[in-house]
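Reading through the structure tokens given below for one structure.
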Amino acid sequence: MSNVPELFGSLVFNDTVMKARLPKDIYRALQKTIKEGSHLELDVANVVAASMKDWATELGATHFTHWFQPMTGITAEKHDSFISPQGDGTVIMEFSGKELVRGEPDASSFPSGGLRATFEARGYTAWDPTSYAFIKDGTLCVPTAFCSYTGEALDKKTPLLRSMDAISKQALRILKLFGNTAPKRVLTTVGPEQEYFIIDKDVYLQRPDLIYTGRTLVGARPPKGQELEDHYFGALKPQIAAYMHDLDEELWKLGILSKTKHNEVAPAQHELAPIFSTTNIAADHNQLTMELMRKVADRHGLTCLLHEKPFAGINGSGKHNNWSISTDNGQNLLDPGDTPFENAQFLLFLVAVIKAVNKYQDLLRISVASAGNDHRLGANEAPPAIISIFLGEELGGVLDALADGTPYVGVEHVSMEIGATVLPHFPKDTTDRNRTSPFAFTGNKFEFRALGSSQSIAEPNVVLNTAVADILDEFANQLEASTDFIGDLNRLVKATILENRRIIFNGNGYDDAWVIEAEKRGLSNLKTTPEALVKYLTEQNVDLFVRHGVYTHKEIESRHEIYLENYAKTINIEALTLIDLANQKIIPAVNGYLTELAATVAAVSAFGEPTAQKKLGAKVSALANELYTKLSALETALIDVHGIEDSVDAAFAFRERVFTAMAELRIVVDELELTVGSDWWPLPTYGEILYSVI
Ligand code: ADP
Ligand code: MG
């Protein structure tokens with residue numbers, strides 16, 4: 001085992017490196033930019049760039065890249081070497097402040113959702129100095145935001161940074177009301193728990209559906225799935241342990257705080273959780289984590305599947321977005337604290353989150369909507385598509401007592417008076433029992449559990465930050481004008497609880513009764529991506545983003561277009577892959593098996609009536625006919641849908657016609673898989689995939 005403290009961050013141009021390598025005045029100027037967002041002068045940038053280049057080349061780097069997060073959902077990089085010709089046939093290694101601060105990649109091949117049509121194709125990347133530069137595969141990577149030439153965001157990071165500014169601004173106003181003036185900035189923090197599957201690479205390479213779509217489009221249930229619950233927290237298999245060990249080392253080198261690893265519920269499923277960090281850094285690190293999960297797996301002869309639902313009938317993968325708000329001097333604003341004063345401040349932030357989640361529940365749902373995640377949300381798997389908040393009995397009881405003016409039975413105090421009463425102590429482990437809630441309070445943070453495993457954590461956090469900023473803004477407006485702060489605070493908290501109670505639900509989120517109850521409460525139940533996206537451009541949502549400077553009207557429209565397109569393209573690729581699989585692999589295999597059966601029937605006739613063989617042949621033949629019928633139906637549906645111009649209509653048609661036709665075809669294929677002899681079946685089965693790693 002290598003020396004972890006020494007290994008940790010060894011490929012990162014972090015604070016220690018900066019302190020050691022930068023002249024004092026330069027270091028101070030850069031710190032000011034990092035901490036306060038002040039403008040960085042070019043002469044400072046020049047010194048920083050030269051120092052970064054020296055450091056990187058000493059570690060073997062030859063290239064640099066602006067590393068950014070376009071709307072593809074993954075990261076992008078374009079490598080330039082440091083070489084600079086000297087005119088005498090030699091080169092030196094150079095990296096200028098200008099190259100560090102700004103890049104100009106051609107934006108024309110990244111999704112822009114129509115922004116490109118109105119603006120120039122050129123885009124630029126701008127250094128995000130709050131996220132450290134790092135070395136990956138011999139290249140110095142500079143984390144950046146990516147915008148069009150006219151400043152429109154073309155990526156996931158720009159709005160995330162804007163949303164962090166928005167919540168910081170509003171939270172500081174609230175803190176000031178409590179006399180809390182020390183913090184200069186308020187940050188949101190995120191710890192994303194990441195689920196994934198690991199399978200054998202050879203098996204993976206035999207499944208075109210996994211290769212093209214990330215999930216199995218066909219496959220009958222294996223005799224053993226997850227019913228014995230023997231995988232969760234089970235001992236790690238040696239190959240998996242070796243993989244995780246290697247992965248941890250790679251992550252640590254990049255300064256990623258990989259902390260927890262364990263087996264998940266489904267066979268071949270695992271989880272990695274880091275220690276939380278500031279949201280934009282958490283987003284960068286989660287992208288790197290997903291990339292390294294794949295890369296390191298490949299090195300081990302394994303394949304990492306990050307799709308939300310690689311296998312039907314087996315648990316899918318998600319991401320738990322643990323989220324909190326904290327001051328730059330380390331005070332967690334969602335920690336109840338010990339004094340009436342801390343409690344009062346906590347309660348105000350708490351009810352702000354409750355109101356934000358209630359008011360902007362559709363946006364939260366939209367922020368996790370994707371073709372992949374549709375297999376989980378609203379499909380009887382963790383968590384439901386209905387957004388609700390779990391507070392736990394204790395905290396729920398306190399809020400009830402506050403709102404209704406009734407005594408809280410958990411403590412001696414007769415009535416709960418904000419600013420005067422100390423909250424009861426909430427034991428942390430009793431707050432986290434409900435695993436079915438999409439949005440749960442877990443002691444000193446909220447856990448948004450509806451994220452898909454493959455998605456960037458940027459969007460859900462943009463929504464969370466902005467929605468909460470909006471309510472804090474509203475609260476600050478009311479309280480700043482108050483002449484009776486404690487009285488008005490009490491009234492505001494009570495009113496907010498009463499008005500937003502419908503979003504709080506401590507019961508079982510998978511229960512059918514909840515769906516009915518939620519409808520009665522007027523909560524949204526947006527089961528699929530097209531249904532969710534219809535709500536994206538409502539006046540309330542657009543106004544929210546525009547008001548807080550997170551998206552312009554044009555930007556949000558372009559995002560809507562990109563999400564619709566992504567959805568349609570994903571289903572389209574799946575349909576084409578399934579059609580190919582059926583034509584190229586399954587039909588020939590079935591025909592081969594039928595030919596063999598016919599020969600067997602003739603051979604067996606020598607001994608008597610071949611009843612069994614004929615029955616089997618008739619069954620397979622009937623299924624083959626059914627297969628042709630369903631396949632033609634899918635092909636027809638696809639042709640029809642391709643004729644639809646409007647992107648909203650197309651998304652719905654992909655869902656209602658193509659997706660449905662795929663599901664119907666699959667039923668027949670899976671039946672055939674269980675009927676046709678394994679020597680003839682052209683694809684590794686679920687059993688062979690899920691138990692491929694020993
Ligand atoms: P559990 O495993 O029960 O869900 P943990 O306390 O282990 O809960 O935390 C899970 C994740 O939440 C970890 O990634 C952790 O770093 C993160 N987390 C803890 N505190 C915070 C916080 N204040 N802000 C954001 N994330 C946090
Ligand atoms: Mg958790």
Side-chain angles (χ1 to χ4, degrees), residues 1-22 27 34 51-52 54-61 67 75 130-143 187 189-196 198 233-264 269-302 304 306 319-322 324 326 330 332 445 453 457 693:
M1 185 70 196
S2 30
N3 180 341
V4 178
E6 209 167 277
L7 188 80
F8 190 85
S10 56
L11 295 178
V12 184
F13 194 75
N14 57 24
D15 195 52
T16 311
V17 180
M18 289 186 217
K19 227 182 237 156
R21 288 181 169 256
L22 295 174
Y27 174 78
I34 293 173
S51 170
M52 260 188 200
D54 289 343
W55 167 81
T57 50
E58 280 165 33
L59 290 167
W67 183 76
T75 58
T130 61
S131 183
Y132 298 136
F134 56 91
I135 297 173
K136 184 164 68 74
D137 300 328
T139 296
L140 170 70
C141 299
V142 178
L187 299 156
T189 51
V190 170
E193 303 166 61
Q194 174 76 46
E195 291 181 330
Y196 61 101
I198 292 287
F233 282 16
L236 301 177
K237 290 171 180 166
Q239 264 205 80
I240 297 295
Y243 162 72
M244 288 179 170
H245 174 88
D246 208 5
L247 177 61
D248 270 341
E249 288 207 346
E250 293 295 334
L251 294 173
W252 290 336
K253 280 188 218 167
L254 290 176
I256 296 169
L257 294 158
S258 173
K259 172 84 173 162
T260 310
K261 52 188 182 184
H262 62 80
N263 285 349
E264 259 302 326
Q269 194 185 29
H270 312 280
E271 181 181 296
L272 181 151
I275 295 172
F276 69 94
S277 47
T278 308
T279 305
N280 63 321
I281 293 165
D284 286 1
H285 282 181
N286 185 250
Q287 287 288 355
L288 284 172
T289 301
M290 291 193 286
E291 181 180 329
L292 280 163
M293 280 178 161
R294 288 199 166 106
K295 234 187 236 168
V296 174
D298 196 62
R299 224 155 60 195
H300 285 249
L302 304 167
C304 172
L306 288 170
K319 196 136 49 187
H320 288 181
N321 191 82
N322 293 273
S324 192
S326 123
N332 181 351
K445 62 185 190 291
S453 48
I457 64 166
V693 177

Min side-chain heavy-atom separation T289-L251 under 4.5 Å: yes
Side chain to side chain, R294 and D298, heavy atoms closer than 4.5 Å: no
Residue pair S51 / F13: nearest heavy atoms and the distance that separates them: OG-CZ, 3.7 Å
Cationic N near anionic O, under 4.0 Å, D15 to K19: yes
Non-hydrogen atoms of T130 and N280 that approach each other most closely: OG1-ND2, 2.7 Å
Separation of E264 CD from E195 CD (nearest 0.5 Å): 4.5 Å
E6 and W252, any side-chain heavy atoms less than 4.5 Å apart: no
Atom pair CG/CG of N286 and L272 - distance to nearest 0.5 Å: 9.5 Å
Gap between atom CG of L257 and atom CZ of F8 - 0.5 Å precision: 4.0 Å
Contact check, side chains of V296 and E249, non-hydrogen atoms, under 4.5 Å: no
A297 versus C304, closest heavy-atom pair with distance: CB-N, 3.8 Å
Side-chain donor/acceptor of K319 to backbone N/O of S453, under 3.5 Å: yes
Value rounded to 0.5 Å, distance of OG in S131 from CD1 in I34: 10.0 Å
Aromatic ring pairing H262/F233, orientation class (parallel under 30°, perpendicular over 60°, tilted between): perpendicular
Side chain proximity check, W67 to D284, heavy atoms < 4.5 angstrom: yes
Basic-acidic side-chain contact under 4.0 Å: D54, R21: no
Contact check, side chains of L247 and L292, non-hydrogen atoms, under 4.5 Å: yes
Atom of P192, atom of P274 and distance for their closest heavy-atom approach: O-CD, 2.9 Å
Flag, side chain of Y27 to backbone of A20, donor-acceptor distance under 3.5 Å: no
The single option from I256, L140, L288, V142 passing side-chain contact (heavy atoms from CB on, under 4.5 Å) against F134: L288
Pairwise distance NZ(K253) to CG(L11) - rounded to 0.5 angstrom: 6.0 Å
Minimal non-hydrogen separation, G255 against V12, with atom names: N-CG2, 3.7 Å
Minimum heavy-atom distance S326-N332, with the two atoms named: CB-CA, 4.1 Å
Distance (rounded to the nearest 0.5 Å) between N263 CG and M244 CE: 6.0 Å
Short N-O contact, K295 and E250, less than 4.0 angstrom: no
Pairwise side-chain contact, F276 with N322, heavy-atom cut-off 4.5 Å (strictly under): no
Any donor-acceptor pair under 3.5 Å from K237 side chain to V693 backbone: yes
More than 12 heavy atoms of other groups within 6.0 Å of K259 NZ: no
Contact check, side chains of H320 and E271, non-hydrogen atoms, under 4.5 Å: no
